[in-house]
Amino acid sequence: MKKNPIETVLGFFVLAFTFLFLFFACSKIDTKTVAGYTVVANFSKIGGLEHGADVRIAGLKVGSVLKTKLNQEDYTVDVYLDIHSDVLLPIDTIAAISDSGIMGEKYIRLEPGKARAFLNDKDRIKQTKNYKSLEDSVSEFIFLSTK
């Protein structure tokens with residue numbers, strides 16, 4: 001069986017491009033840990049929000065979701081947020097669960113308030129807005145239009 005040198009060169013280029021792609025993909029992945037502080041927000045409906053989801057202010061990532069935990073007392077969900085240390089959140093900040101488009105991923109949207117006092121490590125965000133699914137919006141529209 002005779003080996004063709006073109007196949008060898010082509011195989012080399014395929015391997016080189018594969019390694020280049022992997023290097024590029026690994027350099028773009030945000031795997032570094034955030035050195036910041038943790039705040040907790042309580043929601044009655046999180047709509048599939050996952051560990052590692054973004055926390056954003058005005059579309060800019062300022063942290064990530066550390067974990068979600070069911071609160072056994074009232075069956076709501078405590079969402080633990082890791083916020084960058086250089087971002088100071090006023091105590092009247094509002095946390096809302098949003099999604100990026102119809103099929104997009106869920107994230108926490110923070111709306112900072114005007115208070116001069118700031119949240120510290122392990123503090124709770126008091127004002128939250130639950131996730132509103134497409135089905136909820138449609139049923140609300142139908143209910144309002146039938147009145």
Side-chain angles (χ1 to χ4, degrees), residues 7 9-147:
E7 291 176 355
V9 171
L10 185 61
F12 172 75
F13 280 118
V14 168
L15 285 174
F17 282 117
T18 302
F19 286 120
L20 261 166
F21 174 76
L22 288 174
F23 175 75
F24 178 74
C26 290
S27 67
K28 293 297 179 185
I29 294 174
D30 189 13
T31 58
K32 52 188 174 236
T33 58
V34 177
Y37 60 99
T38 302
V39 294
V40 182
N42 185 271
F43 297 95
S44 62
K45 185 176 181 183
I46 62 171
L49 182 75
E50 296 179 0
H51 164 78
D54 289 351
V55 177
R56 301 178 189 170
I57 296 177
L60 181 67
K61 182 178 177 181
V62 296
S64 59
V65 174
L66 286 177
K67 68 178 179 175
T68 55
K69 182 180 174 187
L70 181 67
N71 187 333
Q72 294 289 337
E73 295 174 9
D74 56 0
Y75 297 102
T76 58
V77 180
D78 289 331
V79 179
Y80 293 80
L81 312 174
D82 191 22
I83 308 296
H84 294 195
S85 59
D86 59 341
V87 177
L88 299 176
L89 296 174
I91 59 172
D92 58 346
T93 296
I94 301 170
I97 299 177
S98 299
D99 54 6
S100 303
I102 294 175
M103 298 296 288
E105 64 182 26
K106 312 292 187 285
Y107 67 94
I108 300 286
R109 185 181 78 242
L110 297 179
E111 300 170 10
K114 304 280 187 212
R116 297 210 183 265
F118 298 104
L119 292 169
N120 294 315
D121 192 34
K122 307 289 187 235
D123 282 351
R124 286 191 167 267
I125 296 177
K126 292 179 177 51
Q127 295 178 312
T128 59
K129 295 179 184 175
N130 295 319
Y131 177 69
K132 192 175 225 181
S133 67
L134 181 61
E135 293 86 12
D136 293 338
S137 299
V138 169
S139 63
E140 184 178 301
F141 175 75
I142 291 171
F143 178 72
L144 290 175
S145 65
T146 59
K147 281 191 171 187

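Only this structure's heavy atoms are used, side chains among them; waters, hydrogens and symmetry mates stay out.
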Problem - Ile94 side chain near Thr128 side chain, heavy-atom distance below 4.5 Å - result: no
Practice task
Start with the C-alpha distance between Ile125 and Leu110, add both sets of side-chain angles, then the distance that settles side-chain contact (heavy atoms from CB on, under 4.5 Å), and finish with yes or no.
Solution key: CA-CA 10 Å; Ile125 296 177; Leu110 297 179; 4.1 Å; yes
Exercise for the section: List for me each residue that meets side-chain contact (heavy atoms from CB on, under 4.5 Å) alongside Ser44, sequence neighbours excluded, and say none if there are none. Expected result: Thr76, Asn130
Exercise for the section: Name all residues meeting the side-chain contact (heavy atoms from CB on, under 4.5 Å) criterion together with Leu10; count only those two or more places apart in sequence or in a different chain, and write none if there are none. Expected result: none
Handout entry: Over all atoms of both residues, closest heavy-atom pair of Tyr37 and Asp82
Key = O-OD1, 3.4 Å
Exercise for the section: Please assess Leu81 against Thr38 for the test side-chain contact (heavy atoms from CB on, under 4.5 Å), listing each intermediate value before the final yes or no. Expected result: CA-CA 5 Å; Leu81 312 174; Thr38 302; over 6 Å; no
Handout entry: Qualifying residue for side chain to side chain contact (heavy atoms under 4.5 Å, CB included) with Phe43, from Thr68, Ile108, Asn71
Key = Ile108
Completion exercise
residues 36-49 vs salt bridge (charged side-chain N to carboxylate O under 4.0 Å, His left out), sequence neighbours excluded, gives Lys45-Asp136
Handout entry: CA sep, side-chain torsions, deciding dist, call: Phe23, Thr18, side-chain contact (heavy atoms from CB on, under 4.5 Å)
Key = CA-CA 9 Å; Phe23 175 75; Thr18 302; over 6 Å; no
Problem - Residue Glu105 excluded, over 12 heavy atoms near CD under 6.0 Å - result: no
Practice task
Any chance you could lay out the side-chain contact (heavy atoms from CB on, under 4.5 Å) test for Val77 and Val79, step after step, and finish with the verdict?
Solution key: CA-CA 6 Å; Val77 180; Val79 179; 4.1 Å; yes
Distance-only check: which donor-acceptor pairs under 3.5 Å involve side-chain atoms of residues 47-58, not counting sequence neighbours?
{"from": "His51", "atom 1": "ND1", "to": "Leu66", "atom 2": "O", "distance (Å)": "2.4"}
{"from": "Asp54", "atom 1": "OD2", "to": "Arg56", "atom 2": "NH2", "distance (Å)": "3.2"}

Exercise for the section: Applying side-chain contact (heavy atoms from CB on, under 4.5 Å), name anything that partners Leu88, two or more places apart in sequence or on another chain. Expected result: Phe118
Practice task
To the nearest 0.5 angstrom, please state how far the CG atom of Asp92 sits from the CG atom of Leu89.
Solution key: 10.5 Å
Would you be so kind as to tabulate the donor-acceptor pairs closer than 3.5 Å made by side chains of residues 97-104, with sequence neighbours excluded?
{"from": "Ser98", "atom 1": "OG", "to": "Arg109", "atom 2": "NH1", "distance (Å)": "2.4"}
{"from": "Asp99", "atom 1": "OD2", "to": "Tyr131", "atom 2": "OH", "distance (Å)": "3.1"}

Problem - Closest non-hydrogen atom pair, Ala115 against Ile91 - result: CB-CG1, 3.8 Å
Problem - Residues that Asp78 engages under side-chain hydrogen bond (donor to acceptor under 3.5 Å, both in side chains), provided they are two or more places apart - result: Asn42, Arg124
Exercise for the section: Under the salt bridge (Lys or Arg N to Asp or Glu O under 4.0 Å) rule, collect the residues that match up with Lys129, sequence neighbours excluded. Expected result: Glu111
Exercise for the section: Could you pull out all residues at least two apart from Gln72 that satisfy side-chain contact (heavy atoms from CB on, under 4.5 Å)? Expected result: Leu70, Tyr75
Exercise for the section: Using the salt bridge (charged side-chain N to carboxylate O under 4.0 Å, His left out) rule, collect all pairs that involve residues 112-123, keeping only residues at least two apart or in two chains. Expected result: none
Practice task
State the CZ-CZ distance between Phe24 and Phe17, to the nearest 0.5 angstrom.
Solution key: 14.0 Å
